[in-house]
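These notes are about the structure you will find just below.
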Amino acid sequence: MEKRCLGWGPLQLGLRHGLETIWELSKVVLPVYVVLTLLEASLVLEWFSARCEPLMNFFRLSGSCALVLLLGYCLDYYAAIGAMASLGLTLREITILAVMLSIGHSLIMETAVAKRMGMSLVRAGLIRLGASLFAGFLVSRLI
């Protein structure tokens with residue numbers, strides 16, 4: 001039986017796809033990182049965090065975590081990751097946020113998909129948001 005050499009084709013294809021993915025992710029993560037760094041320097045982020053602190057205390061998170069949740073719920077994981085990177089959150093905060101966002105990420109887009117499948121728009125959004133908040137509450141008490 002003859003052995004076939006696969007050559008560089010698969011490696012080149014994988015490398016190309018990897019670089020394309022990095023480029024696509026960078027288009028979301030880097031602008032979020034830069035904007036949040038500027039907001040932090042201008043004290044806007046401090047003002048927003050102070051307003052959200054009472055709500056975020058329920059999850060034992062700092063007020064600035066509200067922005068991460070907002071970005072993750074409305075946009076996607078990658079915007080939330082960019083925010084996490086620029087805010088210098090603790091490992092505990094990142095863990096709680098990761099659990100919450102694993103359930104409630106991209107709510108707008110994914111709720112629209114659920115609607116197209118016949119589910120109620122409000123029900124789909126509320127179930128995911130409620131499950132996300134409940135999981136965040138539980139995890140915040142466990143760690």
Side-chain angles (χ1 to χ4, degrees), residues 4-143:
R4 290 182 52 197
C5 179
L6 295 176
W8 288 96
L11 182 61
Q12 289 173 330
L13 182 64
L15 183 60
R16 190 179 95 230
H17 286 297
L19 291 173
E20 288 171 357
T21 301
I22 289 170
W23 175 248
E24 290 300 314
L25 295 178
S26 296
K27 290 192 289 186
V28 175
V29 173
L30 290 176
V32 168
Y33 185 90
V34 169
V35 168
L36 288 179
T37 301
L38 293 173
L39 287 175
E40 196 169 28
S42 70
L43 302 178
V44 171
L45 189 56
E46 186 178 320
W47 175 86
F48 179 78
S49 297
R51 299 297 174 272
C52 296
E53 190 81 33
L55 175 64
M56 299 313 291
N57 280 337
F58 184 71
F59 302 102
R60 297 183 177 163
L61 296 170
S62 62
S64 61
C65 292
L67 188 58
V68 174
L69 284 177
L70 185 63
L71 289 169
Y73 286 159
C74 295
L75 298 177
D76 57 22
Y77 283 128
Y78 307 111
I81 290 169
M84 284 183 200
S86 71
L87 296 175
L89 303 176
T90 66
L91 182 58
R92 183 181 178 286
E93 289 174 318
I94 291 170
T95 302
I96 295 167
L97 290 168
V99 168
M100 294 174 80
L101 290 173
S102 68
I103 298 168
H105 65 279
S106 307
L107 279 173
I108 296 169
M109 182 174 47
E110 291 193 11
T111 301
V113 170
K115 171 127 175 78
R116 293 189 82 183
M117 294 173 39
M119 190 171 189
S120 162
L121 189 70
V122 173
R123 179 178 288 157
L126 288 177
I127 288 172
R128 288 189 60 219
L129 182 61
S132 171
L133 296 174
F134 182 68
F137 175 79
L138 286 178
V139 171
S140 72
R141 297 315 186 257
L142 293 173
I143 61 172

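Quick caveat: nothing in here was measured; it's all calculated off a predicted structure.
The line from CD of Gln12 to NE2 of His17 is 11.5 Å long, rounded to the nearest 0.5 Å. Remark: Arg92 CZ to Ser62 OG distance equals 10.0 Å, nearest 0.5 Å. In this structure, the separation between CD1 on Ile96 and CE on Met56 is 9.0 Å, given to the nearest 0.5 Å. To the nearest 0.5 angstrom, Ser102 atom OG is 5.5 Å from Tyr77 atom OH. With values rounded to the nearest 0.5 angstrom, Leu87 atom CG is found 7.5 Å from Ser49 atom OG. Atom OG1 of Thr21 and atom CH2 of Trp23 lie 13.0 Å apart (nearest 0.5 Å).
Other residues, nucleotides and ligands contribute at most 12 non-hydrogen atoms within 6.0 Å of the CZ atom of Arg116. Heavy atoms of other residues, nucleotides or ligands lying less than 6.0 angstrom from OH of Tyr73 number more than 12. Other residues, nucleotides and ligands place no more than 12 heavy atoms under 6.0 Å from the CZ atom of Arg123.
The minimum heavy-atom distance linking Gly104 with Ser132 is given by the pair N-CB, 4.0 Å. The two residues Phe137 and Phe59 come nearest to each other via the heavy atoms N-CD2, 3.6 Å. Closest non-hydrogen pair, Thr111 versus Ala124, comes out as CG2-CB, 4.1 Å. Nearest heavy atoms, Ser106 versus Leu75: OG-O, 3.0 Å. Among all heavy-atom pairs drawn from Leu101 and Gly72, the shortest one is CD2-CA, 3.6 Å. The minimum heavy-atom distance linking Val32 with Ala79 is given by the pair CG1-O, 3.4 Å.
Considering Val68, Leu67, Leu69 in turn, Leu67 is the only one that fulfils the side chain to side chain contact (heavy atoms under 4.5 Å, CB included) rule with Leu71.
Without hydrogens or angle criteria, Ser42 side chain to Leu39 main chain gives a donor-acceptor distance under 3.5 Å. A donor-acceptor contact shorter than 3.5 Å links the side chain of Thr37 to the backbone of Tyr33.
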Inset, instruction - List the steps and the verdict of side chain to side chain contact (heavy atoms under 4.5 Å, CB included) for Met100 and Leu133. - result: CA-CA 6 Å; Met100 294 174 80; Leu133 296 174; 3.7 Å; yes
Inset, instruction - Given side chain to side chain contact (heavy atoms under 4.5 Å, CB included), test Met84 with Glu93 step by step and report yes or no. - result: CA-CA 9 Å; Met84 284 183 200; Glu93 289 174 318; over 6 Å; no
Legend entry - Step-by-step side chain to side chain contact (heavy atoms under 4.5 Å, CB included) determination, Leu89 to Ser64: CA-CA 9 Å; Leu89 303 176; Ser64 61; 3.9 Å; yes
Inset, instruction - With side chain to side chain contact (heavy atoms under 4.5 Å, CB included) as the test, would you mind laying out the steps for Leu61 and Ser140 before giving the verdict? - result: CA-CA 8 Å; Leu61 296 170; Ser140 72; over 6 Å; no
